[in-house]
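What follows is a short report on a single structure.
The basis for the numbers below is simple: all heavy atoms, side chains too, and nothing from hydrogens, waters or symmetry mates. Each chain gets a letter, A, B and so on, in the order the sequences are listed, and its residues count up from 1.
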Number of protein chains: 2
Amino acid sequence: MEEGLSVGEVAAKTGLTAYTLRWYEQVGLLDPIPRDHAGRRRYRLRDVERLDLLTKMRATGMPVREMLRYIELVRAGTHNRRERLELLEQHRTTVLRQISELERDLAVIDRKITRYRGYLDAEQTD
Amino acid sequence: MEEGLSVGEVAAKTGLTAYTLRWYEQVGLLDPIPRDHAGRRRYRLRDVERLDLLTKMRATGMPVREMLRYIELVRAGTHNRRERLELLEQHRTTVLRQISELERDLAVIDRKITRYRGYLDAEQTD
DNA sequence: GCTTGACTTCGAGTGTGCTCCAACTGCGAG
DNA sequence: CTCGCAGTTGGAGCACACTCGAAGTCAAGC
């Protein structure tokens, strides 16, 4: 049995496609994934763990560019952890604002929904 | 003084660009905007009101395609209000799910933030 | 030993939602 | 009258994040 997971297994696990996984590696979000004797990718635990964070970053709307900035900090060593922290904290703030904007905007749509329900109720009682 | 607002005024009011406003009209999200004697758009109250809803739909992630479906229902008359209501309710559900996914994903990032704070505190006390 | 299926690379293509350019028109201020 | 500005059109271009096609490799199962 081979060490590590194949691209297909990681795709299944992360919800990304195999295409996307290769592309993430290509653009530098993932470090070069080790290959087995046949040249096939074998994702290590740390690769999958990184993907865990990366997918959450993406899912919360962080642009790939900024994810890459973060990863480059990670690669540069541990001395820049304050900078990494700041990047994450800033993103956190962005996401919180995002959530509250969604809630605010949804309220407008909710009012519309209420209005339609009113129309339809009125029709009903005609 | 002319009736209605110019494209620039509506842009300022809605936060969309003039380019986008013309494009919305072109793709059918807005009914053809009446022109003044010089051929310039004059947005009526109802156009601006529609934009109010449209921008909230977009801001909450509704694809333009689906917005268009809604607008086509509006154009088709009042008999399909139940269908419009369903579309809005479905979108509402989507947005609520979106919010809770953001919260869930943010929690992962928060854990990372906490870890970095831990590292940095430890460093501090070295 | 052949087929099947998952993998490889490279580069091109796609969908979405704008965004902009070029060339032109018309209005108001000075 | 001229300037500058805001508007017009049609069509091209762009950023982003994938997504896919083609052609080939390899190993396992029948």
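- Electrostatic pairing of Asp47(A) and Arg44(A) counts as a salt bridge here, judged by a charged N lying under 4.0 Å from a carboxylate O.
- Ionic pairing of Glu101(A) and Arg97(A) is present here: one or more N-O contacts between side-chain nitrogen and carboxylate oxygen are shorter than 4.0 angstrom.
- Rounded to a whole Å, the CG atom of Leu5(B) is 16 Å from the P atom of dA6(D).
- For dT9(D), one of the phosphate oxygens OP1 or OP2 lies less than 4.0 angstrom from a side-chain nitrogen or oxygen of Arg35(B).
- The CZ-C1' distance, from Arg22(A) to dA22(D), rounds to 14 Å in whole Å.
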Next on the checklist: As a quick check of understanding, evaluate side-chain contact (heavy atoms from CB on, under 4.5 Å) for Tyr24(A) and Arg58(A), giving each step before the final call.
Outcome noted: CA-CA 12 Å; Tyr24(A) 273 19; Arg58(A) 271 304 292 137; 3.3 Å; yes
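- Ion pair Glu86(B)/Arg81(B) not flagged as a salt bridge, since none of the NZ, NE, NH1 or NH2 atoms sits closer than 4.0 Å to an Asp/Glu carboxylate oxygen.
- Atom P of nucleotide dT9(D) and atom CG of Leu21(B) are separated by 13 Å, given to the nearest angstrom.
- Between dA17(D) and Tyr24(A), no contact under 4.0 Å exists linking OP1 or OP2 to a side-chain N or O.
- Taking 4.0 angstrom as the limit, Thr17(B) places none of its side-chain polar atoms (N or O) nearer than this to OP1 or OP2 of dC18(C).
- Recorded end-axis angle for the helix from dG1(C)-dC30(D) to dG30(C)-dC1(D) stands at 0°, based on five pairs per end and rounded to 10 degrees.
- Atom-to-atom, OH of Tyr19(B) to P of dT19(C) comes out at 10 Å; the value is rounded to the nearest Å.
- The existence of a salt bridge linking Arg75(A) and Asp31(A) is confirmed by a sub-4.0 Å separation between a basic side-chain nitrogen and an acidic carboxylate oxygen.
- Neither OP1 nor OP2 of dG7(D) sits under 4.0 Å from any side-chain N or O of Arg41(B).
- Across all non-hydrogen atoms, the minimal contact from Asn80(A) to Leu73(A) is ND2-O, 2.8 Å.
- When each of dT9(C), dG7(D), dG17(C) is scored by its nearest atom to the side-chain atoms of Ser6(B), the top-ranked nucleotide is dG7(D).
- Residues of residues 60-73 of chain B that place a heavy atom closer than 4.0 Å to DNA chain C, in numerical order, are Pro63(B), Val64(B).
- What separates CG of Leu16(B) from C1' of dG17(C) is a distance of 12 Å, to the nearest Å.
- At the phosphate of dC18(D), OP1 or OP2 sits under 4.0 Å from a side-chain N or O atom of Arg58(A).
- Here dT19(C) is the nucleotide among dT8(C), dT19(C), dT19(D) with the atom lying nearest to any side-chain atom of Thr20(B).
- A pairwise comparison of heavy atoms in Ala18(B) and Ala11(B) identifies N-CB, 3.8 Å as the closest pair.
- Across all non-hydrogen atoms, the minimal contact from Thr60(A) to Leu102(B) is CA-CD2, 3.7 Å.
- Separating the CE atom of Met57(B) from the P atom of dT16(C) is a distance of 18 Å, rounded to the nearest angstrom.
- dT16(C) atom P lies 10 Å from atom CH2 of Trp23(B), rounded to whole Å.
- What separates CZ of Arg42(B) from C1' of dG26(C) is a distance of 12 Å, to the nearest Å.
- In terms of phosphate contacts, His37(B) brings a side-chain nitrogen or oxygen within less than 4.0 Å of OP1 or OP2 of dC27(C).
- A salt bridge is defined here as a Lys NZ or Arg NE, NH1 or NH2 lying under 4.0 Å from an Asp or Glu carboxylate O, and Arg41(B) with Glu25(B) meets this definition.
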Checklist entry - Can you check side-chain contact (heavy atoms from CB on, under 4.5 Å) on Arg50(A) and Thr55(A), steps first, answer last? => result CA-CA 9 Å; Arg50(A) 178 176 289 183; Thr55(A) 54; over 6 Å; no
